[in-house]
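Heavy-atom basis, side chains included; hydrogens, waters and symmetry copies ignored. In listed order, ligands and their atoms are each counted from 1.
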Amino acid sequence: MVKAIYPGSFDPCTLGHLDIIKRSSALFDEVIVGVLNNSKKNPLFTVSERVNMIKELTKDMPNIKVMSFDGLLVDFAREVDVHVIIRGLRAITDFEYELQIAQSNKAQHSEIETVFLTTDIHYSYLSSTIVREFASYGGDISSFVPKEIIPLVEEKYRNINVKGDKDGQ
Ligand code: PNS
């Protein structure tokens, strides 16, 4: 039985992420989507919101498990006894960064293998940062995120903008 971890911030989960999750689920017996609880960043969605969002999106995929993790990815991999890490590659700029991380993870944990899946061409420009940027200005994000995620992102920015208006009074 070959298990894999697909780690990320997923703030929020995009159509590109979901595509990688679906394709990974066909390649591995079990895929753990590892949602990073990064205390250094100030995410739009809390870690439990991000976990629940991906659980909802993958509810019909029996071999997908969604978990959050703190700290180093290699420590999480040891904890769940998984030796394969999946990452999506969009462009050459991703490759340089991802190669460095894959090699440093391997230096820390020699049994770890990183598998790269090339992002579907439709989503090669897409990132959570792009989603947040467009949504923060009220832009249309329907071609960026699964339809279930649209109202959640819009709601976040409505609250942020209302709070901003109040604070700016
Ligand atoms: O979706 P992202 O933000 O590109 O995902 C990055 C992630 C979560 C895979 C990476 O930041 C990570 O593994 N963080 C955990 C801390 C860690 O292991 N750092 C060393 C490798 S960067």
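A parallel orientation is assigned to the rings of F76 and F69, their planes being inclined by less than 30° (bins at 30° and 60°).
Open room surrounds CD on Q100; 12 or fewer heavy atoms of other groups in view lie less than 6.0 Å from it.
Only the side chain of I101 comes within 4.0 Å of ligand 1, judged by heavy-atom distances. The proximity of L36 to ligand 1, defined as any non-hydrogen pair under 4.0 Å, is limited to the side chain.
Of the protein's heavy atoms, none falls inside 4.0 Å of atom 12 (C) of ligand 1.
Counting the atoms of ligand 1 from 1 in the order shown, those under 4.0 Å from a heavy atom of G71 are 15 (C), 16 (C).
Between S9 and ligand 1, at least one N/O pair is under 3.5 Å apart. Between R87 and ligand 1, at least one pair of N/O atoms sits closer than 3.5 Å.
The nearest protein atom to atom 18 (O) of ligand 1, hydrogens excluded, is given as L73 N, 2.8 Å; this is a heavy-atom distance. Scanning all protein heavy atoms for the shortest distance to atom 17 (C) of ligand 1 gives L72 CD2, 3.6 Å.
Salt-bridge formation is not detected for the pair E111/R78: no Lys NZ or Arg NE/NH1/NH2 atom is positioned less than 4.0 Å from an Asp or Glu carboxylate oxygen.
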Verdict with reasoning, S142 to I150, per side chain to side chain contact (heavy atoms under 4.5 Å, CB included): CA-CA 7 Å; S142 58; I150 301 171; 3.9 Å; yes

Derivation of the salt bridge (Lys or Arg N to Asp or Glu O under 4.0 Å) call for E49 and K156: CA-CA 11 Å; E49 285 172 331; K156 282 280 174 189; 3.0 Å; yes

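Side chain of K106 to backbone of I112: a donor-acceptor contact under 3.5 angstrom is found.
Distances from ligand 1 to the non-hydrogen atoms of G34 include no value under 4.0 Å.
Tested against T58 for a side chain to side chain contact (heavy atoms under 4.5 Å, CB included), the candidates I64, V31, V33, N63 yield a single pass: I64.
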